[in-house]
Amino acid sequence: MKITDFYNYRKPGRKISMVTAYDYTLAALAAESGVDCVLVGDSLAMVMHGHPSTLAATADLMALHTAAVARAVTDRLLVGDMPFLSVRKGLGPAMDAVEKLSRAGAQAVKIEGLDGHGGIISHIIKSGIPVMGHLGLTPQSVNGFGGYRTQGKDRAAAEKLAAEALELERLGCFALVLECVPAALAERVTALLKIPVIGIGAGPHTDGQVLVMQDLLGLYGEPPSFVKKYLDGRRLVVEALNAFDGEVKDSVFPEAKNGNTEKRGGVEEAPYKLAVRG
Ligand code: KIV
C-alpha cells in the first residue's frame, strides 16, 4: 500500500485497518495478514519497554524499532510516530527526528496535536514526507489532560477539535487518527474531512480503525474497554511456556527427534546453525 492508495480507500464500504508493530517477528506476521497499514507507535515505550506512558520514547528509540519493522513490512504503508516533544523544540530538532524515522524506513510520520506546531507540520509535508495527524486523546499530553480521558466531550472542545482536524487537512496531512472521542464527534469529523479518519476508541463511523497489536492479541496488560481482543495471547503464551517448563523438568524435552548434534562432513555442528546457514 502506498500513500496514494490511502485516498482511494476512502470510499463507502472500504474501511482501512491499521495496526502497530514494534519488532521484526510480529511485523512479519502483520505483513502476512491483510492489514493495510503498520504504525510504529510510540506506545512501544509502554508495550516494549515497560514505561508507564509514551513520554519515554525518543527519536533514536523510535528509529531502532522502525528499522526492525521495516525489514519485515515491505509492501504496506509504514508510519513512524514522532515522539514526545520532537515537534516542540523547533524546526531543526523536528527535522532531525523526521530524518531518523525516514532513514529507518518510515514512509510517513504521525504527529500528535496541532496547537503551536502547525508550521512544523507544514514544513515536514512540504519536504516530501507525508504526515498523519493525531487528535483527541493524544497520549503525549496525558499529564496535561490529567489522565487518559475521553476528549471533545463538551461543545467548545468538540468545536476546537473539528476546527483542528480541518486545519490539519488544509496543511496537507494525508490521514488523521482520532483517539478516544465521542462516536458522534468522530462521525462528524469524518464527514467534514476528505482525508481518511482512522479511529481508536472513537466508535464505528470513521474510515478505519487502529489498534495496538499487543492489545488485540491479548498480550499486554488489561487493555482499554474499546479494545477487542482477537486472541487470548497471554494465556496461550503462558500455557506454552509452562508446557516447556514441565517437559524440561520431567526430562521429556528434548526427545531424540530434537537431537542436539548432527554430523556433517565429519564436523559436529548444532542443527540450528546448520538450518540457518542452509
Ligand atoms: O502509539 C500508538 O500506538 C498510537 C496508536 C494507538 C494510534 O499512537
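The basis for the numbers below is simple: all heavy atoms, side chains too, and nothing from hydrogens, waters or symmetry mates. Computed from a prediction, not measured in an experiment: that's the story for all the values here. Residue numbers start at 1 and run along the sequence shown. Atoms within each ligand, like the ligands themselves, are counted from 1 in listed order.
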Practice task
Of the side chain and backbone of Val212, name the one, both, or neither that has a heavy atom under 4.0 Å from an atom of ligand 1.
Solution key: side chain
Problem - Donor-acceptor pair between Tyr22 and Thr66 side chains, under 3.5 angstrom - result: no
Practice task
For Lys110, counting its heavy atoms only, list the atoms of ligand 1 lying under 4.0 Å from any of them.
Solution key: 4 (C), 8 (O)
Problem - Part of Asp42 with heavy atoms under 4.0 Å of ligand 1, whether side chain, backbone, both or neither - result: both
Problem - Salt-bridge criterion met for Arg234 and Glu239 (N-O under 4.0 Å) - result: no
Exercise for the section: Could you find the nearest protein heavy atom to atom 3 (O) of ligand 1 and give me its residue, atom name and distance? Expected result: Ser43 OG, 2.5 Å
Practice task
Check each heavy atom of Asp81 against ligand 1 and say whether those closer than 4.0 Å belong to the side chain, the backbone, both or neither.
Solution key: side chain
Handout entry: Note: Asp245-Lys249 ion pair, threshold 4.0 Å (strictly below)
Key = yes
Handout entry: Region of Thr54 engaging ligand 1 - heavy atom pairs below 4.0 Å
Key = neither
Fill in the blank from the handout: ligand 1 atoms nearer than 4.0 angstrom to some heavy atom of Thr20 are 3 (O)
Exercise for the section: Could you tell me the separation between the CD atom of Gln151 and the NZ atom of Lys160, rounded to the nearest 0.5 Å? Expected result: 9.5 Å
Practice task
Check the side chains of His65 and His49 for a donor-acceptor pair under 3.5 angstrom, ignoring hydrogens and angles.
Solution key: yes
Problem - Nearest-0.5 Å distance that lies between atom CD1 in Ile121 and atom CE in Met132 - result: 13.0 Å
Handout entry: Test item, Glu112 contacting ligand 1 (heavy atom, 4.0 angstrom)
Key = no
Handout entry: Which of the ligand 1 atoms, numbered from 1, are nearer than 4.0 Å to a heavy atom of Ile200
Key = 6 (C)
Practice task
Determine yes or no for a side-chain-to-main-chain donor-acceptor pair under 3.5 angstrom, with Asp207 supplying the side chain and Val197 the backbone.
Solution key: yes
